[in-house]
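So that the names make sense, note that chain A is the first sequence line, chain B the second, and so on, each numbered from 1.
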Amino acid sequence: MTIPEIFNILQEKFPEAELVLEENNPDPIIRAKCEAIADISLLLRDDPDFSFDSLMCLSGVETVEEFQTVYHLYSMLHNHKVTLRAGGTKEEELIVPTVSHIWPTADWHERESFDLFGIKYTDHPDPRRILLPDDWVGYPLRKDYEPQKTWHKIPLTAIDYKEEDNGDES
Amino acid sequence: MTWLDLLIAVACVAGVLGFISVVALVAIWTERKISAHIHDRLGPMETGGFHGWAQTIADMVKLLQKEDIIPDAADKPLFKLAPYIVLSATIASFVVLPFGAHLIGTDLNIGIYYLVAISSLEVAGILMAGWASNNKWALFGGMRSASQMISFEIPIGLSLLIPIMIVGSLSMQDLVGAQAGGFWNWGVFSHLPFAMIAFIVYFWASLAEVNRTPFDLPEGESELVAGFHVEYSGMRFAMFFLAEFANMFLVAGVAVALFLGGWHAPFSFLEISAESNVILHNLVGFFWFASKGMVLLFIQQWLRWTLPRLRVDQLMHVCWKIFLPFSFVNVLIVSLWIVLTQS
Amino acid sequence: MSEIREIDIPVGATPQKISQMLENFEDVHGERMVVQMGPQHPATHGVLRVELETDGEMIMKATPHIGYLHRCFEKTCESMTWQQVVAYTDRLDYCSSANNNLGYVLACEKMFGIEVSERVQTIRVLVSELNRLASHFIAIGTYGLDIGAWTPFLYLIQEREHILDLFDRLCGGRLLLNYMRIGGLTHDLPDNWLKEVHEYLSYMEGKLDEVNSLLSYNKIFVERLANVAIISEDMCIKYGLTGPNLRGAGKKWDLRKNEPYCGYETYDFDIPVGDGEVGTIGDCWDRYIVRVKECEQSMRIIKQATERLEKMPGDDVLAAIPKSMTKVAPGEIYFRTEHPKGELGFYIVSNGKKFPWRLKCRAPSFSSLSVMSAVSPGLLIADMVALIGSIDIVLGEVDR
Amino acid sequence: MAGYFKDIWLGVSTVLIGMHITFKHWFKFKKAVTIQYPHEILEMNERTRAHLFNVADECAVCLQCARACPVDIIDMQGIRADKDEDLGLLPTGKPKRMHLIKFDIDFSKCVYCGLCVEVCDTKSLHWRAPVEPCTFTREEMYKSFATIPPDEVERLIAFDAERKVKKAEEMAAKKAAAAAAKAAKAAKAKAEAEAKPAEAGADAPKAAKSDVGEEKKETPAASDTPEKPGTPDSPDAPENTPKPEPDKS
């Protein structure tokens with residue numbers, strides 16, 4: 001099934017999801033409202049025509065205007081792919097419903113995206129940071145991220161050993 | 001007690017201690033070399049010139065100099081005591097091992113019984129080390145070690161019963177003496193194939209007794225990091241190390257004494273009779289005993305560098321469901337055999 | 001412990017079922033022990049920490065904690081030019097850097113519409129299959145090491161060393177190749193290199209049989225792995241386990257066949273799958289043996305690729321490398337390749353500038369590791385070691 | 001029961017097979033695959049990435065390597081030679097125009113990716129033995145490849161500063177001239193007030209712009225530190241795509 005076909009069916013089933021087909025891309029992308037993502041995902045997995053049984057990749061993205069979560073789905077049964085995108089403006093936090101109950105692999109990918117972008121996933125079973133320490137400040141993959149100077153007295157900026165002896169860390 | 005007796009006693013202790021250290025050092029060196037050659041490499045080659053023979057000595061000197069670290073939360077008295085218990089149990093067991101016709105600490109009339117009993121003391125030391133380290137991995141190691149050693153005592157005991165029943169004595173020298181005159185008289189070849197099975201069961205079970213692969217669970221480094229001695233360093237670790245390698249030789253020595261003719265040569269013309277020269281007789285006996293022990297040591301090391309490690313439940317399975325039935329049937333048949341042939 | 005022994009865990013029981021059964025026994029045993037396995041533990045293949053809740057030696061719950069090797073690959077790449085990123089992809093899975101390079105380079109080429117010559121593609125296939133071989137040798141060898149067998153590890157390291165020597169001649173790097181470029185390769189093949197590859201292949205004949213009889217079919221090894229930590233096909237797909245782990249669960253799935261790239265469709269090779277030869281389909285042993293069998297298939301591909309290259313006329317491997325990449329096509333793409341550990345995907349967003357705007361690496365080990373907490377209840381600590389080894393993780397890739 | 005004995009048989013036989021294999025390896029004593037390192041040293045291959053080395057006389061000071069470096073460890077500085085100074089020829093056949101006064105590599109940060117060597121046109125930066133880059137202190141990890149003695153460096157810097165001052169003066173003069181011209185033009189335009197007001201306005205900025213462009217061209221040669229390739233605020237920094245050299249073998 002091609003992506004426009006999938007898009008048409010989805011648009012019929014979810015009229016309120018504000019679905020948009022972004023075609024100016026090597027692979028077209030279906031854009032949906034954040035709140036509808038979990039429902040759409042459930043349909044995409046369970047409908048025998050789609051049966052998107054594997055989530056290849058889930059990534060957070062920051063564009064100039066907004067934060068996004070991008071879902072790359074694949075069906076091992078029908079050998080077709082689809083890309084979903086949920087986005088929200090930068091002013092408020094992006095809150096997306098979790099899909100970790102639909103594809104358990106999303107659990108860690110969502111945690112990673114929360115860790116590095118600060119995108120919140122509602123109903124996530126384990127909403128902790130995954131790669132960074134729990135008490136880290138900031139979300140490193142945001143474009144405006146300023147790294148901390150120290151973390152638990154460990155200096156986080158590079159030390160030039162040629163210029164100064166690594167004596168004091170204060 | 002005269003001064004002479006005391007002197008002899010001191011000499012015996014010094015001899016046993018010296019022998020243990022030398023055996024352990026040689027065993028560690030051979031272990032390194034054997035593993036290296038099995039892996040297509042050369043092992044230590046620098047220290048001491050010829051094939052790095054002094055490497056283990058250098059290591060021992062290094063370990064003696066190292067800082068002795070005791071974890072803050074450890075149970076300090078037990079932590080300090082544990083290596084001594086392990087090492088002293090090993091040393092005490094060596095007392096009844098017959099290296100030659102007269103080269104024996106003391107020929108107790110319950111020699112083998114004493115040996116089995118004393119060497120079990122080691123479990124207490126290892127359990128103590130595992131508990132006192134206040135480390136969960138060490139505790140796992142200690143617990144595994146205790147369950148493993150105690151379980152494997154049973155097949156070992158039953159296998160040792162076979163030569164004891166055949167000879168009818170618990171004294172080590174009696175057991176060795178009964179195997180004189182060529183290799184066909186050795187314990188392993190009497191009552192074929194039952195003594196042979198007993199020997200094999202004993203050898204495998206003894207691997208578990210000394211924590212060697214495939215039964216090295218108490219210290220399996222990929223599971224328990226280093227097991228019961230994970231928190232030990234320096235001198236105390238060296239004691240465990242020494243005890244382990246000395247123990248390897250001990251179990252090999254028991255196998256040699258009971259099954260492989262002890263200090264007797266494979267052919268009687270290779271021996272020098274005690275009447276012609278007592279010292280030479282003992283030395284030749286010692287040579288044969290040590291070389292047989294070394295062969296068994298080599299097989300232990302060869303196995304270690306060949307096999308993976310068993311899991312805890314499989315270890316128990318091997319002990320209770322394979323070794324034990326075999327030993328029981330063995331004991332039954334051999335005792336029947338003896339009763340029937342004697343009557 | 002005695003009560004625990006009475007639970008008769010049926011072969012093939014789902015982890016959920018096992019944990020339910022264990023829950024019922026919780027009251028009997030009272031307190032659980034929390035053990036930290038790692039980050040400094042020999043069996044965790046790097047700096048992985050697994051928080052184990054155990055009852056005796058039986059694991060009730062395992063929570064993996066990652067991030068000890070995190071260096072923010074994705075952030076770093078955002079300030080690197082498109083070509084410089086290749087050097088960083090080397091360090092994702094440091095055991096198979098050519099495959100990482102290939103994944104990234106192909107994604108970029110697809111995005112920017114760069115065509116490379118057939119010869120370049122064949123060399124890429126050859127190098128990445130050699131690297132797959134090297135990576136699987138490490139996986140098999142360290143797995144033996146986890147189970148307690150030292151010797152097979154060193155034998156396999158020895159065979160791998162020859163591959164690394166070949167790489168050294170090829171591009172100067174042994175572990176981190178940095179050999180591929182968007183649109184081509186850094187160097188052409190050195191003289192006599194193909195002959196050396198042929199020599200290596202004939203040298204390797206029978207070596208895998210030795211490993212099989214020394215390790216794979218050893219009774220102790222089989223006992224340790226058969227029926228342990230079964231991951232079914234369904235679970236693999238759900239949790240995103242791919243590559244040898246998925247094939248070990250019996251699914252005939254290989255991107256080289258199913259979504260061919262680099263001309264893999266023209267090579268003749270099979271996809272080995274786990275068939276439950278000694279236990280249940282999808283147990284540790286199946287995942288292990290799939291890797292051993294894949295080595296043979298890789299050797300077949302290498303052989304075909306070398307034969308093709310010998311016949312092929314030499315051309316400039318640098319020809320298609322774009323002279324300037326300051327202005328590229330904007331857009332986004334997700335491209336995946338078959339990596340020795342599974343499916344390596346690169347999600348690339350370009351805004352037309354000289355740096356990638358966003359580069360997400362979907363690392364196979366990252367997804368594979370997430371299955372651990374679902375599989376581990378009911379395993380012993382020794383089985384945990386077997387599980388970690390069998391899903392073959394490299395922490396450089398998990399943490400990125 | 002049959003399974004029980006089969007298991008035992010399998011256990012015994014596979015153990016024996018394994019022992020046979022390891023024994024075979026143990027027995028062929030002489031064929032060690034390792035080498036005794038300090039006594040024998042492996043030979044480096046032609047392409048081995050071992051240790052960077054720069055030949056100062058052959059370096060064109062084009063800063064390509066510093067830009068290609070992903071970790072930014074090449075600290076490089078050059079000063080343009082005087083017009084009639086002869087510095088010899090580069091391996092590419094072109095005359096050398098720059099003094100290399102500083103070329104430091106911080107090997108503690110080097111990732112041995114080889115990008116810098118690939119972009120070097122003159123092949124002055126290349127890989128070389130020894131393969132052991134170990135040192136006792138971090139300071140020793142800084143290797144300097146510039147060969148000019150310090151007093152000569154000082155002289156060059158002074159010379160360069162002088163030249164800069166001269167240039168600035170020239171520039172000021174030019175600017176003044178331009179301003180004067182502009183003023184004159186403006187006056188002229190004013191005089192011609194009604195004729196073509198738009199033309200004069202467009203002309204003046206053009207002249208100023210071309211001046212700025214010239215100055216910019218000059219700066220990279222004498223710049224203190226190479227521009228970091230990664231800084232996003234330099235959108236029109238020169239292209240630093242690594243251009244791998246075709247293999248000659």
Proximity breakdown for D/V12 and chain C, heavy-atom pairs closer than 4.5 Å: neither
Exceeds 12 heavy-atom contacts within 6.0 angstrom, atom CH2 of D/W127: yes
Interface moiety of C/R174 toward chain D, non-hydrogen atoms closer than 4.5 Å: neither
Side-chain heavy-atom pair D/C113, C/L176 within 4.5 angstrom cut-off: no
Residue C/K75 excluded, over 12 heavy atoms near NZ under 6.0 Å: yes
Side chain / backbone / both / neither for C/F221 at chain D, heavy atoms under 4.5 Å: neither
Under 3.5 Å donor-acceptor, C/Q84 side chain and D/A68 backbone: yes
Under 4.5 Å from a heavy atom of chain D, the part of C/T151 involved: side chain
Heavy-atom pairs under 4.5 Å with chain D, option from C/L215, C/L170, C/I220 with the top count: C/L170
Residue among C/A87, C/P152, C/G173, C/A149 with most heavy-atom pairs under 4.5 Å to chain D: C/G173
Test log, rule side chain to side chain contact (heavy atoms under 4.5 Å, CB included), inputs D/E118 and C/R181: CA-CA 12 Å; D/E118 278 167 27; C/R181 290 285 177 275; 2.9 Å; yes
Heavy-atom pair count under 4.5 Å with chain C, highest-scoring of D/G114, D/S13, D/G11: D/G11
Distance in Å, D/I17 CD1 paired with C/N218 CG, rounded so as to fall on 0.5 Å steps: 9.0 Å
Side chain D/R47, main chain C/D168, donor-acceptor under 3.5 Å: no
Main-chain N/O of C/L177 paired with D/R49 side-chain donor or acceptor, under 3.5 Å: yes
D/Y112 and C/L175: CA distance, side-chain angles, deciding distance, side chain to side chain contact (heavy atoms under 4.5 Å, CB included) verdict: CA-CA 11 Å; D/Y112 299 93; C/L175 193 65; over 6 Å; no
Greatest number of heavy atom pairs closer than 4.5 Å to chain D - which of C/Y155, C/Y88, C/Y217: C/Y155
Side-chain heavy-atom pair C/F167, D/N45 within 4.5 angstrom cut-off: no
Donor on one side chain, acceptor on other, D/H25 and C/E210, under 3.5 Å: yes
Any side-chain heavy-atom pair of C/K219 and D/V15 under 4.5 Å: no
